[in-house]
Amino acid sequence: MLRRGGNAVDAAVAASFCLSVVRPHSCGIGGGGFMVIFVPADERGVERRVVINYREVAPGAVGPDYYSGLDGTGLDVADASTFGVHASGVPGTVAGLLYALEHFGTLDRNTVLAPAVRAAEEGFIADANHIEAMENIRGKIEDDPARLAMMGDLWEALYKSGGVQIGDRVRNPEKARALRLIAERGAGAFYRGEIAGAIVGVMEEGGGPITREDLASYRVRRGEPLRGSFMGHELLAMPPPSSGGIAMIQIFGILERTLDGVELPARVSPLYTHLLTEAMKHAFADRAEWLADDAFVEVPVSRLTSPAYIAELASRVDPERTLDDLFAYGSVTPENAEESAGGGTSHLSVVDSSGMAVACTETINLIG
């Protein structure tokens with residue numbers, strides 16, 4: 001895309017659609033994501049810093065009591081919240097990528113989606129990551145054979161029913177067709193057209209909650225990034241509902257305060273690794289306690305990113321040891337500390353010759 005004269009947004013959107021083909025277990029048009037864009041100064045000297053939130057949203061029928069309401073239906077309630085039609089959010093990836101392309105890109109949809117269409121139609125070469133995902137899914141099918149039927153044709157198409165090997169070519173003609181429809185007709189093809197009909201058909205067959213109205217009403221959210229600093233460099237970060245932005249500002253802020261007098265080595269040293277790990281432990285403790293969707297709950301962004309609070313966290317870092325009490329990290333309380341399930345996620349970054357920069361994180365939540 002850059003060689004064709006496109007900018008960083010054109011390249012990021014093209015890369016994301018390609019990743020939806022070659023990393024279907026990590027991201028894709030059925031998922032959602034976040035994008036941070038820096039647009040360098042124009043002829044008037046005006047810079048722009050923009051974030052685009054295109055995470056999935058809950059279907060209209062899903063409220064606080066939705067999953068407890070499934071109790072007694074024969075479904076495993078915990079499983080229903082993480083796998084299958086009841087776990088699916090209204091996808092945002094297509095809307096978000098095309099919004100970014102329309103407002104900040106320079107190339108047309110057909111040009112930008114062409115590599116993804118080609119990868120799906122002609123196939124891509126399975127690598128170790130693809131095999132690892134296959135084995136992950138195989139284990140879940142062995143634990144619960146009902147998952148095989150729920151995957152439809154995907155187990156055969158993407159993983160040759162568990163037989164794909166490194167170097168095999170994997171084709172996905174149905175995905176190519178969907179991408180071609182999106183390239184030709186835009187977001188409407190996904191949210192109101194034939195693809196929407198296919199999504200709703202699966203939902204109706206499995207008793208899932210997503211409706212045509214849910215798809216047609218999906219909207220991306222555009223806003224301003226969180227801003228921080230590290231050793232004289234400006235940081236631009238995604239605000240809630242992303243947790244990464246606050247965590248990044250905290251980690252860099254703690255490091256800046258604890259690295260004072262520590263010469264950064266050419267090769268990572270035990271001391272640097274220790275300081276980085278302690279900074280990350282503080283940030284992830286706060287992530288578990290405070291981070292959520294600010295459309296529904298109050299997130300204390302200003303306090304968590306304030307210089308005074310970050311300095312207080314940094315003061316707890318001991319260069320010689322870790323803290324004895326797990327709950328001495330961040331401002332987490334024991335009642336709310338919990339593990340989160342691992343998932344499939346992708347990240348990409350692009351910088352073009354003008355200085356435009358894009359950072360994009362996308363997910364479909366769990367691998368399988």
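Here the structure is a predicted model, which means the values were calculated and not measured.
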Chemist: With rounding to the nearest 0.5 Å, note down the distance linking CZ in R221 to CZ in R55.
Modeler: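 If we round to the nearest 0.5 Å, R221:CZ and R55:CZ are 11.5 Å apart.
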Chemist: Say you draw a straight line from CG of L19 to NE2 of H347; how long is it, rounded to the nearest 0.5 Å?
Modeler: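 Answer rounded to 0.5 Å: 11.0 Å.
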Chemist: Does M238 belong to the same Ile/Leu/Val/Met/Phe/Trp/Tyr cluster as V350, with side-chain heavy atoms less than 4.5 Å apart forming each link?
Modeler: no
Chemist: Taking the basic N atoms (NZ, or NE/NH1/NH2) and the acidic carboxylate oxygens, is any pair closer than 4.0 Å for E47 and R49?
Modeler: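 Counted as a salt bridge, because a side-chain N and a carboxylate O are separated by less than 4.0 Å.
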Chemist: Is it true that W290 and S331 share a donor-acceptor pair across their side chains at a distance under 3.5 Å?
Modeler: yes
Chemist: Measure the spacing between OG of S16 and OH of Y54 and express it to the nearest 0.5 Å.
Modeler: 5.0 Å
Chemist: Under a 4.0 Å threshold between the charged nitrogen and the carboxylate oxygen, would D286 count as salt-bridged to K281?
Modeler: no
Chemist: Validate the cation-pi geometry between R303 and Y309: distance from NZ or CZ to the six-membered ring centre under 6.0 Å, angle to the ring axis within 45°.
Modeler: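 Pair R303/Y309 counts as cation-pi.
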Chemist: Calculate, to the nearest 0.5 Å, the distance between atoms NE2 and CD1 belonging to H130 and I166 respectively.
Modeler: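 Spacing of NE2 (H130) from CD1 (I166) equals 11.0 Å.
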Chemist: Out of curiosity, M1 CE to R4 CZ, how far, rounded to the nearest 0.5 Å?
Modeler: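 Rounded to the nearest 0.5 Å, the CE-CZ separation comes out at 5.5 Å.
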Chemist: So T93 and S20, side-chain contact (heavy atoms from CB on, under 4.5 Å) or not? Walk me through it.
Modeler: CA-CA 10 Å; T93 291; S20 79; over 6 Å; no
Chemist: Counting only pairs under 3.5 Å, give me each side-chain donor-acceptor contact of residues 118-125, with atom names and distances, residues two or more places apart or in other chains.
Modeler:
from	atom 1	to	atom 2	distance (Å)
E121	OE1	R180	NH2	3.1
E121	OE2	R180	NH2	3.1

Chemist: Under 3.5 Å, side-chain donor or acceptor atoms of residues 189-207 against the rest of the protein: list the pairs with distances, not counting sequence neighbours.
Modeler:
from	atom 1	to	atom 2	distance (Å)
Y191	OH	P91	O	2.9
Y191	OH	A95	N	3.2
E194	OE1	R177	NH2	3.3
E194	OE2	R177	NH1	2.8
E194	OE2	R177	NH2	2.6

Chemist: Could you give me the CA-CA distance, side-chain angles and deciding distance for I37 and L236, then say whether side-chain contact (heavy atoms from CB on, under 4.5 Å) is met?
Modeler: CA-CA 9 Å; I37 305 173; L236 302 180; over 6 Å; no
Chemist: Any chance you could measure F252, atom CZ, to L276, atom CG, to the nearest 0.5 Å?
Modeler: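 It is 9.0 Å, given to the nearest 0.5 Å.
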Chemist: When you compare the side chains of S346 and R23, does any donor N or O come within less than 3.5 Å of an acceptor on the partner?
Modeler: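 Distance-only check fails for S346 and R23.
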Chemist: To check you understand the geometry: which heavy-atom pair defines the closest contact between N7 and V9, and what is its length?
Modeler: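 Result for this residue pair: OD1-N, 3.1 Å.
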Chemist: Ignoring hydrogens and angles, state whether a donor on the side chain of S161 or E156 is under 3.5 Å from an acceptor on the partner side chain.
Modeler: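 Checked: S161/E156 side chains pair up, N/O donor to acceptor below 3.5 Å.
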Chemist: Looking at side-chain heavy atoms only, is the closest gap between F34 and V51 below 4.5 Å?
Modeler: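 Answer no - side chains too far apart.
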